[in-house]
Q: 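Below is a structure I'd like to ask you about.
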Amino acid sequence: GAVVSQHPSWVICKSGTSVKIECRSLDFQATTMFWYRQFPKQSLMLMATSNEGSKATYEQGVEKDKFLINHASLTLSTLTVTSAHPEDSSFYICSARSGISNQPQHFGDGTRLSIL
Amino acid sequence: DAKTTQPTSMDCAEGRAANLPCNHSTISGNEYVYWYRQIHSQGPQYIIHGLKNNETNEMASLIITEDRKSSTLILPHATLRDTAVYYCIVRDLYTGTASKLTFGTGTRLQVTL
């Protein structure tokens with residue numbers, strides 16, 4: 001089946017640091033990529049949707065200047081958490097979908113981000 | 001997108017069939033039903049999806065009622081590795097790339113010995 005690779009799996013860093021997370025579709029071209037965040041014991045919350053070569057569309061309440069998304073190719077999207085603070089600690093999950101309308105989204109294994 | 005309603009939790013004995021229900025009474029004609037599951041500390045895993053016909057793959061079967069207002073995911077022979085949170089989601093295909101998956105709280109399935 002379709003594979004989405006996310007890197008790194010986990011990261012611990014100091015407050016104020018910027019952290020970049022990569023998401024790659026390994027065996028299909030991802031027209032659209034999605035970034036989710038999940039806090040402990042909660043469901044996934046969509047942060048933003050990006051189409052290759054276009055600016056990302058952010059969900060209400062998500063700061064676009066804090067969570068920078070780049071989707072420069074059909075197989076790679078990155079999420080950069082700028083000037084991260086402890087409240088940004090969470091499980092970040094990317095997802096990718098091809099341009100075929102009824103094909104499912106496939107998810108990466110997530111990145112656990114801990115800000116000290 | 002239409003919302004879905006699922007039981008909070010269910011138990012199933014290993015080797016038995018697990019039947020997970022989902023209500024989506026406001027589903028529109030353009031919306032597919034998708035099922036995903038999330039094992040602890042991993043990303044969601046796609047299971048199956050359908051529009052109005054019953055579907056089966058190597059993981060599960062999806063039974064959709066004739067009026068499409070509810071569906072049931074069936075894991076025919078549950079194993080301990082099927083313990084996870086199962087999400088039923090409806091998605092409108094005709095909004096194109098704006099179409100997105102919105103996760104509810106899902107059903108926590110516990111498979112026991």
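We name chains A, B, ... by the order of the sequence lines, and we start the count at 1 in each one. Keep in mind that what you see is a predicted model, and the values were worked out from it rather than measured.
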Q: Nearest 0.5 Å, please: how far is CG in B:Leu101 from CZ in A:Arg97?
A: 7.0 Å
Q: Are there more than 12 heavy atoms of other residues, nucleotides or ligands under 6.0 Å from atom CE of A:Met45?
A: no
Q: Is it the backbone or the side chain of A:Gln6 that comes under 4.5 Å from a heavy atom of chain B, or both, or neither?
A: neither
Q: If you tally heavy-atom pairs under 4.5 Å against chain B, which of A:Pro104, A:Cys94, A:Ser9, A:Gly110 wins?
A: A:Pro104
Q: Could you please spell out the steps behind the side-chain contact (heavy atoms from CB on, under 4.5 Å) verdict for B:Ser41 and A:Arg112?
A: CA-CA 9 Å; B:Ser41 296; A:Arg112 189 158 302 282; 3.8 Å; yes
Q: First locate atom OH of B:Tyr32, then atom CD of A:Gln103, and finally report the distance between them rounded to the nearest 0.5 Å.
A: 9.5 Å
Q: Would the number of heavy atoms belonging to other residues, nucleotides or ligands and lying under 6.0 Å from NZ of A:Lys20 be above 12?
A: no
Q: Measuring heavy-atom distances to chain A, does B:Gln45 have an atom under 4.5 Å in its side chain, in its backbone, in both, or in neither?
A: neither
Q: Do the side chains of A:Phe39 and A:Tyr58 join up, straight or via other hydrophobic residues, at under 4.5 Å, putting them in one cluster?
A: no
Q: Which of these passes ring pair (Phe, Tyr, Trp, His ring centres under 6.0 Å) with A:Phe107: B:Tyr46, B:Tyr34, B:Tyr36?
A: B:Tyr36
Q: Hydrophobic cluster membership, with links at side-chain heavy-atom distances under 4.5 Å among I/L/V/M/F/W/Y: are A:Val81 and A:Leu76 in one?
A: no
Q: Taking the side chain as everything from C-beta on, heavy atoms only, tell me whether B:Pro44 gets closer than 4.5 Å to A:Tyr36.
A: no
Q: Atom CD in B:Gln38, atom CD1 in A:Ile93: separation rounded to 0.5 Å?
A: 5.0 Å
Q: Tell me whether the count of non-hydrogen atoms from other residues, nucleotides or ligands lying under 6.0 Å of NE2 in A:His85 goes above 12.
A: yes
Q: Contact part of A:Leu46 toward chain B, heavy-atom cut-off under 4.5 Å: side chain, backbone, both or neither?
A: side chain
Q: Linking I/L/V/M/F/W/Y whenever their side-chain heavy atoms sit closer than 4.5 Å, directly or via other members, would A:Val11 and A:Phe91 fall into one cluster?
A: no
Q: Identify the heavy atoms of B:Lys100 and A:Phe34 that sit nearest to each other, and give their distance.
A: CB-CE2, 3.8 Å
Q: Looking only at non-hydrogen atoms, find the nearest pair between B:Phe103 and A:Leu44 and report the distance.
A: CB-O, 3.8 Å
Q: With rounding to the nearest 0.5 Å, note down the distance linking CD in A:Gln105 to CZ in B:Arg91.
A: 6.0 Å
Q: Under a 4.5 Å side-chain heavy-atom rule over Ile, Leu, Val, Met, Phe, Trp and Tyr, are B:Met59 and B:Leu80 clustered together?
A: yes
Q: With a 4.5 Å cut-off on side-chain heavy-atom distances among I, L, V, M, F, W and Y, is there a chain of contacts connecting A:Leu79 to A:Met33?
A: no
